[in-house]
2 protein chains.
Amino acid sequence: MIDQRHTITRWVSLLYRYGQMYIGERLKAHGIGKGQHIFLNALYKEDGLSQEELSSYLKIDKGTTAKALKKLEAQGYVLRQVRAEDKRSYRVFLTEKAWRIKDEVRGVLTDWRHILSDGLTEEEQRLALELLEKMGANAARFIEENDKTPKA
Amino acid sequence: MIDQRHTITRWVSLLYRYGQMYIGERLKAHGIGKGQHIFLNALYKEDGLSQEELSSYLKIDKGTTAKALKKLEAQGYVLRQVRAEDKRSYRVFLTEKAWRIKDEVRGVLTDWRHILSDGLTEEEQRLALELLEKMGANAARFIEENDKTPKA
DNA sequence: TTAAAATAGTTGCACATGCCACTAATTACA
DNA sequence: TGTAATTAGTGGCATGTGCAACTATTTTAA
């Protein structure tokens with residue numbers, strides 16, 4: 001019925017939304033929402049980051065970051081320690097409870113990647129990541145340049 | 001500081017969120033939100049579809065579709081006509097006001113694609129679309145199969 | 001050294017999105 | 001034919017997300 005030509009933007013939208021559904025479904029049982037897993041995964045890689053560092057690494061708004069961490073803290077997955085050297089900021093640490101489910105949380109992303117990669121060769125998977133990375137870097141550069149408020 | 005290895009999922013998230021920001025910013029002046037442009041674009045391709053058809057084509061929840069169309073109708077961009085043959089459903093038509101901004105609305109997506117494609121060869125762009133399409137189809141198949149409520 | 005600018009984090013608001021329960025109409029079938 | 005099942009659309013709820021205004025602290029510079 002409709003012309004089936006899809007665009008990059010359209011597929012990105014589908015992949016994002018469906019990925020969120022999958023992740024949300026898989027983590028629901030732990031009381032972790034689809035907006036929080038990304039922070040857990042970042043902290044598994046490097047524990048003790050500040051919210052600012054998480055925000056800028058993940059390129060997620062600091063308000064969103066604050067809310068996600070608040071939930072993770074309420075669920076007992078992270079705790080926040082005011083830094084002595086700079087009392088404005090925290091260090092965010094994973095709790096034992098968070099470390100205990102590390103493999104499971106990381107497994108959700110791994111599994112989703114496997115679902116997406118079905119039928120793709122190793123080479124295609126590598127290429128997909130490389131091209132997404134290039135486009136992502138372009139997007140980030142553009143958006144970040146354009147919200148620098150013109151000084152004048 | 002943090003290991004810079006990003007995954008497909010991470011880049012998809014960034015591309016989606018930044019794309020939404022870009023689109024929202026560009027269409028704000030027309031009173032069109034970032035959640036509505038996708039429906040306009042689908043209708044530019046084929047006018048007069050039902051909400052059901054739009055939902056299933058775009059793979060967007062029918063509740064979300066209903067709300068987006070309600071906004072577009074309130075802004076005078078679409079109107080809905082009950083079908084005589086099936087009084088449960090509408091045909092959604094673009095108004096003259098919507099047709100007038102067609103090039104501009106479509107241009108937003110084109111421009112965003114150009115931003116993303118900066119530094120990519122034609123061949124890479126083709127590949128990117130092809131790989132996204134394959135992964136998108138995998139995602140859709142998985143999600144759609146898994147929410148078929150087991151009959152038993 | 002003090003006043004101004006920058007920075008980390010919080011909160012409220014608006015909006016997008018999916019899910020679910022619901023209504024009204026249509027279709028299937030006993 | 002009449003009842004059950006299915007379908008199109010709506011509305012409420014929960015959550016994620018970005019933005020903007022705000023506070024508290026730290027840094028810069030006059």
Side-chain angles (χ1 to χ4, degrees), chain A residues 13-14 16-25 27-28 31-39 49-75 80-92 143-144 146-149 151, chain B residues 13-14 16-25 27-28 31-39 49-75 80-92 143-144 146-149 151:
Chain A
S13 157
L14 185 149
Y16 177 75
R17 290 180 295 105
Y18 278 19
Q20 293 288 94
M21 287 186 221
Y22 179 79
I23 293 163
E25 179 60 32
L27 293 178
K28 199 165 56 181
I32 300 170
K34 54 189 180 314
Q36 286 118 59
H37 88 279
I38 193 172
F39 296 97
L49 294 168
S50 67
Q51 299 189 189
E52 190 352 70
E53 287 167 321
L54 284 165
S55 283
S56 79
Y57 172 54
L58 300 172
K59 297 186 185 301
I60 283 177
D61 177 77
K62 61 184 184 165
T64 305
T65 298
K67 286 157 205 158
L69 291 175
K70 200 197 227 174
K71 285 198 180 175
L72 285 171
E73 192 172 43
Q75 299 278 336
R80 292 183 294 171
Q81 232 170 49
V82 174
R83 276 186 214 227
E85 333 84 81
D86 182 345
K87 275 176 265 171
R88 287 170 307 181
S89 68
Y90 297 106
R91 280 180 178 287
V92 182
I143 295 285
E144 283 153 25
N146 278 62
D147 76 7
K148 270 181 203 126
T149 5
K151 300 284 165 61
Chain B
S13 157
L14 184 148
Y16 177 76
R17 291 180 295 104
Y18 278 18
Q20 292 288 91
M21 287 186 221
Y22 178 78
I23 292 164
E25 179 61 32
L27 292 178
K28 201 166 53 181
I32 300 170
K34 52 191 180 321
Q36 287 118 58
H37 87 280
I38 194 172
F39 296 98
L49 294 168
S50 68
Q51 298 189 187
E52 191 351 70
E53 287 167 322
L54 283 165
S55 282
S56 81
Y57 172 54
L58 300 172
K59 295 180 185 306
I60 285 178
D61 178 77
K62 61 182 184 165
T64 305
T65 299
K67 286 157 203 155
L69 291 175
K70 202 198 222 176
K71 285 198 182 176
L72 285 171
E73 191 172 43
Q75 298 279 334
R80 292 184 294 172
Q81 233 169 47
V82 174
R83 277 189 213 225
E85 332 84 79
D86 183 345
K87 275 178 262 170
R88 285 170 308 180
S89 68
Y90 297 107
R91 282 180 177 285
V92 182
I143 294 284
E144 283 153 26
N146 278 62
D147 74 7
K148 269 183 206 123
T149 7
K151 299 282 164 63

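Each chain gets a letter, A, B and so on, in the order the sequences are listed, and its residues count up from 1.
Distance A:Asp61 CG to C:dG9 C1': 11 Å, rounded to the nearest Å. Protein atom CD1 of A:Ile143 is 12 Å distant from nucleotide atom C1' of D:dG18, rounded to whole Å. C:dC15 atom C1' lies 15 Å from atom CD of B:Glu25, rounded to whole Å. Atom CG of B:Leu27 and atom C1' of C:dA16 are 15 Å apart (whole Å). One can place NZ of A:Lys28 at 16 Å from C1' of D:dG16, the figure rounded to the nearest angstrom. For the pair A:Lys59 NZ and D:dT17 C1', the interatomic distance rounds to 17 Å; values are reported in whole Å. Following rounding to the nearest Å, A:Tyr22 (OH) and D:dT15 (P) show an atom-to-atom distance of 22 Å. As rounded to whole Å, 7 Å separates atom C1' of D:dA8 from atom CD of B:Glu52.
A:Gly63 comes within 4.0 angstrom of a nucleotide base, judged by non-hydrogen atoms across all strands. Here A:Thr65 lies out of heavy-atom contact (under 4.0 Å) with every strand. When heavy atoms are screened at a 4.0 angstrom cut-off, A:Asp86 is found touching the sugar-phosphate backbone but no base atom. If you check every strand for non-hydrogen atoms under 4.0 Å, A:Arg83 touches nothing. A:Thr64 comes within contact range of at least one nucleobase, with a heavy-atom separation under 4.0 Å. Contact annotation for A:Ser55: no contact, since no heavy-atom pair falls under 4.0 Å across all strands. Among the protein residues, B:Lys62 comes within range of the nucleic acid bases, having at least one heavy atom under 4.0 Å from a base atom.
Contact check, B:Tyr16 against C:dT17: a side-chain N or O comes under 4.0 Å of OP1 or OP2. OP1 or OP2 of D:dG16 sits under 4.0 Å from a side-chain N or O of A:Lys71. Between A:Tyr90 and the phosphate of D:dT25, there is no side-chain N or O to OP1/OP2 separation shorter than 4.0 Å. Taking only side-chain nitrogens and oxygens, B:Gln36 comes nearer than 4.0 Å to OP1 or OP2 of C:dA16. In this structure, A:Gln20 does not reach the D:dT15 phosphate: none of its side-chain N or O atoms is under 4.0 Å from OP1 or OP2. Dashed line: the shortest gap from a side-chain N or O of A:Gln51 to OP1 or OP2 of C:dT7 is not under 4.0 Å. Note on B:Arg91: every side-chain N or O is 4.0 Å or more away from OP1 and OP2 of D:dG9.
Counting distance only, with no hydrogens placed and no angle test, the side-chain atoms of A:Lys67 and the base atoms of C:dG12 include a donor-acceptor pair under 3.5 Å. Judged by distance alone, with hydrogens and angles left aside, A:Lys34 brings no side-chain donor or acceptor close enough to the base of C:dG18 to form a pair under 3.5 Å. Scanning atom types as modelled, one donor and one acceptor separated by under 3.5 angstrom connect the side chain of B:Arg88 and the base of D:dT7.
Between C:dT17, C:dA25, D:dT10, one nucleotide has an atom nearer to the side chain of A:Arg17 than all others, and that is C:dT17. With C:dT11, D:dT25, D:dG9 as the candidates, the nucleotide lying closest to the side chain of B:Arg80 is D:dG9. Ranking C:dT26, D:dT26, D:dG18 by closeness to the B:Met21 side chain, first place goes to D:dG18. Nearest to the side-chain atoms of B:Ser89 among the listed nucleotides D:dA8, C:dT10, D:dC19 stands D:dA8.
Residues A:Thr65 and A:Ser55 come closest through the heavy atom pair OG1-OG, 2.7 Å. The heavy-atom pair separating A:Gly35 from A:Ala68 by the smallest distance is O-CB, 4.0 Å.
Note that the CD1 atom of B:Ile23 and the NE2 atom of B:His37 stand 3.5 Å from one another [nearest 0.5 Å].
In this structure, A:Arg83 does not pair ionically with A:Glu52, as no charged nitrogen and carboxylate oxygen lie closer than 4.0 Å.
The one candidate from A:Val92, A:Leu72, A:Ile32, A:Leu49 that meets the side-chain contact (heavy atoms from CB on, under 4.5 Å) condition with A:Phe39 is A:Leu72.
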Worked check of salt bridge (Lys or Arg N to Asp or Glu O under 4.0 Å) between B:Lys70 and B:Glu73: CA-CA 5 Å; B:Lys70 202 198 222 176; B:Glu73 191 172 43; over 6 Å; no

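Checking side-chain atoms of A:Arg17 against main-chain N and O of B:Lys59 turns up a donor-acceptor pair under 3.5 Å.
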